[in-house]
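FYI, side chains are in, hydrogens and waters are out, and symmetry mates aren't considered; it's all heavy atoms of this structure.
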2 protein chains.
Amino acid sequence: MSQLLSLRDRKRAETWAALHLSASGTALDKGLECVTVDAVAADAGVSPRTFFNYFASKEDAVLGLQEPFVDESMLAEFDVDGDLLASVSHLMHAVTRTIHGSADEDGNRCREVICRYPQLMHRRFQYIVKVEQLVTDAVAERLAQSSRWATAPAGNTVDDVAKMLVLVAGASLRFAIQKTTSHPTRESQSEALDQGMELMRNILKELL
Amino acid sequence: MSQLLSLRDRKRAETWAALHLSASGTALDKGLECVTVDAVAADAGVSPRTFFNYFASKEDAVLGLQEPFVDESMLAEFDVDGDLLASVSHLMHAVTRTIHGSADEDGNRCREVICRYPQLMHRRFQYIVKVEQLVTDAVAERLAQSSRWATAPAGNTVDDVAKMLVLVAGASLRFAIQKTTSHPTRESQSEALDQGMELMRNILKELL
DNA sequence: GTGTATTTTTGCAGTGACTGCAATAATGGT
DNA sequence: ACCATTATTGCAGTCACTGCAAAAATACAC
């Protein structure tokens with residue numbers, strides 16, 4: 001039983017990785033303008049048409065983006081009555097990591113590419129928005145069951161609260177992303193996330 | 001002296017408006033898939049090639065996006081020692097309004113289009129990021145001159161503080177945008193902004 | 001006005017992303 | 001070995017977008 005995955009799934013994963021590696025590698029070695037669908041497909045040993053069975057766009061291949069999802073295990077450490085901001089922020093971070101094939105080395109490679117070609121950051125933020133939506137739903141569900149948050153302040157719904165919570169917590173995630181991608185060989189993203197969280201707290205304590 | 005603008009500039013503004021109107025109008029009337037560069041250009045009475053003298057992309061024409069800028073008059077009401085979050089949030093809102101030709105009617109039209117075609121939201125958020133950068137620079141400059149903020153907490157720079165401030169304040173802007181575009185015929189955006197600000201405060205007071 | 005410099009428009013020809021479709025091949029299950 | 005399902009491929013086509021150089025429009029000085 002050496003096969004946790006079927007032949008099909010294994011091949012699929014291989015092809016995916018080959019395309020992503022070729023795309024990101026070519027971007028770093030020869031420049032983003034040399035990354036064409038035809039070239040990448042040829043490099044990965046598949047037909048150009050097949051490329052689009054794996055990625056919706058050229059950029060997605062370079063960044064190795066996958067559909068984000070929220071997992072049971074991520075929700076496990078989510079505590080409505082504890083440090084909510086931190087909980088939400090870490091949940092977002094966890095979900096964010098699902099959109100990469102993201103071995104750590106691959107994550108660094110992607111950050112380098114984004115640093116060299118900031119246009120790509122847009123696509124990344126696009127995905128953050130998707131993550132926000134996913135997390136917002138999950139958070140709203142938890143809040144609704146909480147005694148403290150089941151009723152929202154003023155004329156707002158629980159969904160509003162969840163949305164806002166995610167947006168605020170998202171600030172520290174964006175902060176971390178911007179920091180780590182502007183200095184690609186810097187500390188890890190989760191460290192930057194905590195640093196951002198700390199900074200946010202300091203500022204907000206001063207302001208409220 | 002009926003000409004505040006030269007002939008050239010007037011014609012330019014007219015062509016810009018014609019292209020934008022045609023693009024957004026066609027999107028609403030016949031669907032976004034019918035909005036092609038050729039059709040829009042023909043409708044506005046210019047050559048297809050000229051289209052790209054005015055807009056970098058089809059989406060930009062539909063949304064009527066222009067390069068954002070931060071104006072002296074916007075900075076006038078910015079008070080470093082007052083309600084910083086509100087100040088920053090309003091500054092961002094002001095800058096955001098510069099990216100539309102944005103007569104109010106036009107703003108509503110755009111919101112409708114985005115509501116029908118959520119893919120376009122991405123482009124809008126892309127611009128919000130640009131706005132964030134502009135505002136961050138402006139805010140950082142002001143902070144540096146302030147006695148209270150000139151020295152940042154912990155191992156952070158003034159730029160970090162400005163960045164985080166903009167990201168947090170930006171949360172209420174994003175909140176407002178998402179609210180007003182999901183219910184296009186709702187209250188004005190600045191009302192939604194204030195509501196978001198209020199909600200954020202309530203939540204944060206509870207959390208800190 | 002006339003002439004000249006500058007800006008804008010335009011046509012052309014090309015590249016490359018992306019799509020739908022229908023045929024073919026590969027895989028999974030029986 | 002057979003069939004159902006799914007993946008790959010080629011083809012033909014649409015359309016966004018670009019660089020370049022010619023032509024037209026506008027501004028400006030005289």
Inset, instruction - Output the residues of residues 37-53 of chain A in contact with DNA chain D, where contact means a heavy atom of the residue under 4.0 Å from an atom of the strand; sort by number or write none. - result: Val46(A), Ser47(A), Arg49(A), Thr50(A), Asn53(A)
Inset, instruction - Would you indicate, yes or no, if dT9(C) has its OP1 or OP2 atom less than 4.0 angstrom from a side-chain nitrogen or oxygen of Tyr54(B)? - result: yes
Inset, instruction - For Glu59(B) and dC15(D), give me the distance from atom CD to atom C1', rounded to whole Å. - result: 12 Å
Legend entry - Closest non-hydrogen atom pair, Asp79(B) against Ser87(B): N-OG, 3.4 Å
Legend entry - Whole-Å distance separating the CZ atom of Arg12(B) from the C1' atom of dT6(C): 14 Å
Inset, instruction - For each nucleotide in nucleotides 23-30 of chain C, reading 5' to 3', give B when a protein heavy atom comes within less than 4.0 Å of its base, S when such contact involves only the sugar-phosphate, and - otherwise. - result: ---BBS--
Legend entry - Salt bridge flag under 4.0 Å for residues Glu132(A) and Arg174(A): yes
Legend entry - Distance-only side-chain donor-acceptor flag, Asn156(B) / Glu198(A), under 3.5 Å: no
Legend entry - Residues Ser57(A) and Arg123(A): side-chain donor-acceptor under 3.5 angstrom: yes
Inset, instruction - Return yes if a side-chain donor-acceptor contact under 3.5 Å exists between Asp71(A) and Ser73(A), otherwise no. - result: yes
Legend entry - Length of the line joining Arg123(A):CZ and dA17(C):P, which is rounded to integer Å: 13 Å
Legend entry - Exercise: identify the closest heavy-atom pair between Ala169(B) and Val88(B): CB-CG1, 3.6 Å
Legend entry - Integer-rounded Å distance: dG20(C) P and Glu33(B) CD: 12 Å
Inset, instruction - Calculate the interatomic distance between Lys58(A) atom NZ and dT15(C) atom P; express it in whole Å. - result: 15 Å
Legend entry - d(CG, Asp60(A); C1', dC18(C)) in whole Å: 13 Å
Inset, instruction - Mind checking side chain to side chain contact (heavy atoms under 4.5 Å, CB included) for Asp29(A) and listing every partner two or more places apart, or none if nothing turns up? - result: none
Inset, instruction - Look up atom CG in Leu193(A) and atom OG1 in Thr96(A), then write down how far apart they are to the nearest 0.5 Å. - result: 9.0 Å
